[in-house]
Amino acid sequence: MASPRVISTISELRAAVRELQRTGKTVGLVPTMGALHEGHLSLVRRAKSECDVAVATIFVNPTQFAPHEDFSKYPRTLEADLQLLATANCDLVFVPSRDEMYPPDASTYIAPPQVAQPLEGVCRPGHFQGVATVVLKLFNIIPADRAYFGQKDFQQALVIQRMAADLNLPVQVVVCPIIREPDGLAMSSRNRYLSPRERQQVLAVSRALTSLQEAVGRGERDATELKLQMQNTLRAAGIERVDYATIADPMTLSDLARLDGPAVALIAAYVGTTRLIDNCLLTAPTGSPQDDPAQG
Ligand code: PAF
C-alpha cells in the first residue's frame with residue numbers, strides 16, 4: 001500500500017500530470033474538500049478502475065461557503081485523509097493553499113448554469129458560483145480524462161455536467177452512487193458534526209426517501225401526496241427545519257406535480273445545527289392499473 005505523492009503547487013502538479021500523459025497514461029480526477037469517508041474512496045476506486053492514474057484534490061474551497069456557513073469549522077483531517085487515499089491506491093494528491101488557488105488579485109468567477117438556480121441555489125445563494133469556479137480551475141490545472149463526483153450532491157453533479165457540456169470541456173464527468181452507512185444514512189463529511197441523539201434523529205431523512213420509493217412502487221403518482229409523506233416522516237422525527245423535501249425532474253430540477261417518468265426526490269434539512277442533504281432517483285412503475293385511467 002504505497003502512499004500517494006502529495007503536491008501543493010500548480011506548477012509541480014501540471015508537470016507531474018504532463019509527464020504521465022506523455023507516457024500515454026489516462027488520468028481520473030476526484031475533487032474533494034477532505035474529511036474523507038467511504039463515499040470519497042468509492043470515487044477514487046472507480047477512478048483507478050477506469051483510468052491508469054487517480055488524482056485526488058483536497059481543498060476546502062472558501063468561495064462556496066457563505067459568511068455564516070461552516071467554512072472555518074469544516075473538518076480538516078489531512079493525515080487521516082492521506083492514509084485513506086493510500087488504501088484506495090490513489091496516486092497523486094493535490095493539496096493547495098488558499099493563495100495557490102485564489103491569489104489575492106483573482107477576481108474571475110463562473111456564472112453557473114440554469115440548473116443551479118432552484119433548491120440549493122435558493123437556500124445557498126452564491127454556492128454554485130463558488131463550486132463551478134473551483135471545479136473549472138481544477139479541470140484546467142489537471143487535464144483529466146474523467147472526473148468523478150458523488151450522486152449525494154445531486155444538483156452539484158448536474159451543475160458540473162452542464163458546465164462541462166456548455167463550455168466544451170474535454171473531460172468526461174462521471175457520477176457515482178451514494179454510499180450509505182449500514183443504517184441508511186448517506187455518508188457525508190458533515191455527519192461528524194452530529195451528536196449521538198442527532199445521529200439517531202437523522203435516520204428519518206433516508207427513511208423518508210425509502211418510504212417514498214415504496215409508495216412509488218405501490219403505484220402512487222401524486223407528487224404532492226408524496227412530498228407531504230416525506231415532510232411528515234421528517235416532522236415525526238423532530239426535524240422541523242426543512243429547506244426542501246421535494247420531487248423534481250432529474251435533468252432540469254423543475255418541480256413535478258405527478259410522476260409520469262423519471263424523477264428525483266431531494267431533501268435538505270437541519271438536524272440540530274447541521275444541514276444535510278440526501279436524494280434518491282425514482283422510477284414510476286409501468287403497467288400498473290394507475291397507468292391506465294380507463295381501468296381506474
Ligand atoms: O463536493 C465537494 O466536496 C465540493 O463541492 C467540490 C466538488 C470538491 C468543490 O469544492
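Everything numeric in this text was worked out from a predicted model, so none of it was measured. Whatever order the structure lists them in is the order used to number ligands and atoms, beginning at 1.
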* To do: Run the numbers for me: atoms of ligand 1, each under 4.0 Å from some heavy atom of T32, listed by number.
  =>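 The atoms of ligand 1 under 4.0 Å from a heavy atom of T32 are 8 (C).
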
* At a 4.0 Å threshold, what atoms of ligand 1 neighbour a non-hydrogen atom of V134? ->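 In order of numbering, the contacting atoms are 9 (C), 10 (O).
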
Could you check [atom] against the protein and tell me its nearest heavy-atom contact, residue, atom and distance included?
atom                   : value
atom 3 (O) of ligand 1 : M33 CG, 3.6 Å
atom 9 (C) of ligand 1 : Q64 OE1, 3.3 Å
atom 7 (C) of ligand 1 : Q156 NE2, 3.5 Å

* **NZ/NE/NH1/NH2 to OD/OE distance under 4.0 Å, K25 and D91** =>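 No, no charged N to carboxylate O under 4.0 Å.
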
* Mind checking whether F59 and Y102 have parallel, tilted or perpendicular rings, split at 30° and 60°? ->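 Correct class here is tilted.
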
* To do: Please say whether more than 12 non-hydrogen atoms of neighbouring residues, nucleotides or ligands are located less than 6.0 Å from CD in Q114.
  =>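 Result for CD/Q114: open.
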
* Cation over ring face, R76 and F71, 6.0 Å, 45° ->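 Positive - R76 is close enough to the ring of F71 and near enough to its axis.
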
* side-chain contact (heavy atoms from CB on, under 4.5 Å) evaluation trace for L276 with L194 -> CA-CA 10 Å; L276 294 170; L194 299 170; 4.1 Å; yes

